Amino acid sequence: MPSIKSFKGLRNVSDPLRLGMPWLVVANNVDITDTGNLSKRSGYRKTLNGTITGAYTTKDFERAYLVDGGTLKAMTGPATAATILTGLNSATMHFTEANDQVFFNNGIDSGVIQPDNTVLPWRASTLKDTQFYDADGGLLDTLLSPLPADTGVIQHWRGRIYAAQYFAKEDQTVIWFSQPLGFYKFNLDTDFIMLPGRVSMLAPHHDALIFGSNLAIHAYDGKTLDKLADYGVVPGWHWADDNGRTLFWSKRGLCEAVPFKNLTEQQVSVAPGVSAGAALVESDGQKRYLVCLQKGGT
């Protein structure tokens with residue numbers, strides 16, 4: 001029997017009889033170390049119970065927020081949180097960050113969380129002497145509008161905030177983008193992008209903003225729109241930044257962009273799920289992309 005000096009990983013899309021010995025066909029509850037050895041997977045424990053409809057951690061890992069049963073909370077510890085806003089709708093909440101401010105939106109409720117955890121309105125505007133002003137008191141051009149209602153996923157990229165609005169009758173998504181550094185101001189006549197299907201992912205990369213719908217994956221560099229794949233992504237919070245490359249979960253497994261590459265399609269077959277959540281985790285000198293799938297995909 002030949003010896004195995006190191007394991008390469010999981011590969012279950014090929015005939016097991018044709019695979020070399022270092023490949024694993026099943027790898028339940030084990031990790032592969034950077035030297036190719038197998039180790040028992042670390043365990044986990046439950047820290048919070050609730051009806052979670054959104055969660056976000058700031059880029060510097062100093063603040064974390066979640067929406068639990070219609071209440072926006074700021075995490076004060078691994079299993080403790082403080083209430084900062086109540087009465088929110090149960091729709092999925094989306095978050096993004098710009099200039100130390102955390103923006104949140106679910107199409108009905110929206111707001112801006114300041115570094116001290118106070119919450120300002122995002123969509124609200126007031127009328128003063130026949131002039132419109134945004135929530136910061138800045139003059140709002142009458143040709144510009146606040147964040148459109150019924151938008152869902154949001155993302156800050158290159159000094160603008162992008163927000164996706166799905167129209168079921170046409171089966172199309174309009175992606176609105178704000179004025180440069182004017183996150184309260186949207187020109188609904190000119191500043192938008194149209195895509196077929198329902199866009200559920202706006203993933204930022206240095207060179208492009210990645211649009212993921214149920215039908216396809218596109219990259220937008222600020223001027224042109226390029227199709228990366230003719231299959232889509234599943235909804236959820238599954239994109240992650242890995243030192244300049246953007247990782248995300250598609251209907252055919254883990255992908256990266258840009259340039260686009262499917263990292264698992266030829267090696268691992270997994271159910272895509274109806275939704276997915278993921279994160280990059282560094283532990284014991286290793287970096288792992290961990291994904292949790294809600295079953296039910298096709």
Side-chain angles (χ1 to χ4, degrees), residues 1-47 55 57-61 64 78 201 203-208 210 212 216-217 219 226-298:
M1 189 75 174
S3 62
I4 301 175
K5 296 182 179 180
S6 64
F7 291 95
K8 292 183 177 181
L10 178 64
R11 192 182 189 102
N12 63 4
V13 297
S14 302
D15 184 351
L17 298 179
R18 295 179 179 274
L19 290 176
M21 293 297 292
W23 287 102
L24 299 172
V25 178
V26 178
N28 294 333
N29 297 317
V30 296
D31 288 326
I32 301 176
T33 69
D34 54 358
T35 59
N37 294 319
L38 295 182
S39 63
K40 185 179 179 181
R41 189 193 69 172
S42 300
Y44 62 91
R45 59 188 176 89
K46 183 183 292 185
T47 59
T57 301
T58 55
K59 297 175 184 177
D60 58 9
F61 302 108
M201 183 191 79
H205 182 274
H206 179 270
D207 295 327
I210 312 302
I217 302 168
D226 294 323
K227 179 182 282 191
L228 302 181
D230 58 1
Y231 53 87
V233 302
V234 296
W237 306 284
H238 47 74
W239 71 264
D241 175 40
D242 180 23
N243 293 328
R245 66 172 181 165
T246 300
L247 302 174
F248 56 92
W249 198 257
S250 77
K251 291 185 175 181
R252 297 186 185 178
L254 178 61
C255 299
E256 71 168 272
V258 289
F260 177 80
K261 183 179 181 181
N262 189 307
L263 302 176
T264 58
E265 187 174 25
Q266 301 302 320
Q267 292 187 196
V268 185
S269 176
V270 292
V274 295
S275 66
L280 280 179
V281 177
E282 295 191 47
S283 177
D284 299 327
Q286 282 191 298
K287 185 184 295 183
R288 299 180 178 90
Y289 175 89
L290 302 181
V291 62
C292 179
L293 301 178
Q294 180 184 357
K295 291 183 178 180
T298 57

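Predicted model, so just to flag it, every value in this text is computed and none were measured.
- Minimum heavy-atom separation, Ser250 to Cys255: OG-SG, 3.4 Å.
- With respect to the salt-bridge test (charged N to carboxylate O, under 4.0 angstrom), the residues Asp31 and Lys40 do not qualify.
- The main-chain N or O of Ala219 is never found under 3.5 Å from a side-chain atom of Asp226 such that the two would form a donor-acceptor pair.
- Phe260 and Phe248 have tilted rings, their planes meeting at an angle from 30° to 60° on a 0 to 90° scale.
- Closest approach of Asn12 to Ser269, counting heavy atoms only: OD1-N, 2.8 Å.
- Closest of all the heavy-atom pairs between Thr264 and Asn262 is N-OD1, 3.0 Å.
- Using a 4.5 Å heavy-atom cutoff, the side chains of Trp249 and Tyr289 are in contact.
- Of the charged side-chain nitrogens involved, none lies within less than 4.0 Å of a carboxylate oxygen, so that Lys261 and Glu256 do not count as a salt-bridged pair.
- Side-chain contact between Gln286 and Arg288 is present, with at least one heavy-atom pair separated by less than 4.5 Å.
- Under a 3.5 Å cut-off, the side chain of Thr33 and the backbone N or O of Asn37 do form a donor-acceptor pair.
- Side chain of Ser275 to backbone of Pro235: no donor-acceptor contact under 3.5 angstrom is found.
- For Lys59, the NZ atom counts as densely surrounded, since its 6.0 Å shell holds more than 12 non-hydrogen atoms of other residues, nucleotides or ligands.
- Here the side chains of Val268 and Arg11 are not in contact, with every heavy-atom distance at 4.5 Å or above.
- Formation of a donor-acceptor pair under 3.5 Å by the His238 side chain with backbone atoms of Val291 is not found in this model.
- Using a 4.5 Å cut-off on side-chain heavy atoms (C-beta onward), Glu265 and Tyr231 make contact.
- Using a 4.5 Å heavy-atom cutoff, the side chains of Val25 and Leu10 are not in contact.
- Between the CG atom in Leu247 and the CH2 atom in Trp239 there is a gap of 10.5 Å [rounded to 0.5 Å].
- At a threshold of 4.5 Å between non-hydrogen side-chain atoms, the residues Ile217 and Ile210 count as touching.
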